[in-house]
Amino acid sequence: MPEKPDADPFLDCELGPDAVLGTRTFEDVLFNEETETPVNVLTGETPAHSQATVEEATAFAASIDTDTPQIALPASVETQIETQSKPYTAAAFFHFKATGSLELHRAYHAAYECDAFSVDFEADYEAGDLTITVERAADS
């Protein structure tokens, strides 16, 4: 059965729009200069693949070809070691690793995709904080 154009965007969400309305700051979730990196126990040095700046990380996130704005999140030390990857990864600004739950991820995604809401975010990489603001479109 085809979806109705006016279907509730929160229909498949555990949370309704009231859960994401307003401004919320998620602390210490973004890649920053304090992100943990592995250290070679023999040399005491961080491997070259795990050395990166915030500028590199934000440029990488901005380069992702998608309609949804991306942010730079820290990669775990285990991932950096196992895959010899950079200490950051890119994800949608409402990713569950940033918001702390899959339920909030889905609710922010629904609000972002719906014309009835205005969704904005601010990524403070110096502090590592992400602030997301959701308003009803008529209120903004």
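One is the number of the first residue; the rest follow in order along the sequence. Nothing here was measured: the structure is a model prediction, and the numbers come from that model.
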task: Might you confirm whether atom CD of E36 has over 12 heavy atoms from other residues, nucleotides or ligands at distances under 6.0 Å?
output: no
task: For residues A107 and V20, report the shortest heavy-atom separation together with the two atoms involved.
output: CB-CG1, 3.7 Å
query: Is the backbone N or O of A75 less than 3.5 Å from a side-chain atom of T79, with the two atoms forming a donor-acceptor pair by type?
result: no
message: Going by side chain to side chain contact (heavy atoms under 4.5 Å, CB included), name the residues that satisfy it together with D18, two or more places apart in sequence or in a different chain.
response: L21, R136
- prompt: Can you tell me if T23 and T133 form a side-chain donor-acceptor pair at under 3.5 Å?
  reply: yes
- prompt: Quick one: does S50's side chain have a donor or acceptor within less than 3.5 Å of a partner on P47's backbone?
  reply: no
query: Using the benzene-type ring in the case of Trp, are the ring centres of F94 and F121 under 6.0 Å apart?
result: no
task: Considering non-hydrogen atoms only, spot the tightest contact between P38 and Q80 and give its length.
output: CD-OE1, 3.1 Å
statement: Rounded to the nearest 0.5 angstrom, the OG-CD1 distance for S76 and I81 is 8.5 Å
field: Pairs flagged by ring pair (Phe, Tyr, Trp, His ring centres under 6.0 Å) wherever residues 25-55 is involved - sequence neighbours left out
entry: F31-Y88
field: Smallest separation among heavy atoms of T68 and A92, with atom names
entry: CG2-CB, 3.7 Å
query: To the nearest 0.5 Å, what is the distance between CZ (F96) and CZ (R106)?
result: 10.0 Å
message: Any heavy-atom pair between the side chains of E33 and V54 that's under 4.5 Å?
response: yes
- line: dist E14:CD -> L104:CG (nearest 0.5 Å) comes out at 10.0 Å
Smallest separation among heavy atoms of I64 and Q70, with atom names: CB-CG, 3.8 Å
field: Shortest non-hydrogen contact from Y108 toward T99
entry: CD1-CG2, 3.8 Å
- line: When every non-hydrogen atom of L30 is compared with those of P74, the smallest separation belongs to C-CD, 3.7 Å
Pairs of donor and acceptor atoms involving the side chains of residues 122-132, under 3.5 Å and at least two apart or interchain, shall be tabulated with distances.
from: D124; atom 1: OD1; to: E126; atom 2: N; distance (Å): 3.2
from: D124; atom 1: OD1; to: A127; atom 2: N; distance (Å): 3.2
from: Y125; atom 1: OH; to: A72; atom 2: N; distance (Å): 3.0
from: D129; atom 1: OD1; to: D28; atom 2: N; distance (Å): 2.8
from: T131; atom 1: OG1; to: T25; atom 2: OG1; distance (Å): 2.9

message: I need the C13 SG to H105 NE2 distance, nearest 0.5 Å.
response: 9.0 Å
message: Please tell me whether F117 and F10 form a close aromatic pair, meaning their ring centres lie under 6.0 Å apart.
response: yes
field: Inter-residue atom distance D8.CG - C114.SG, 0.5 Å rounding
entry: 8.0 Å
Side chain K86, main chain Q51, donor-acceptor under 3.5 Å: yes
task: Establish whether V77 and V29 are linked, either directly or via other cluster members, by ILVMFWY side-chain heavy-atom contacts under 4.5 Å.
output: no
query: Counting heavy atoms not belonging to D115, are there more than 12 under 6.0 Å from its CG?
result: no
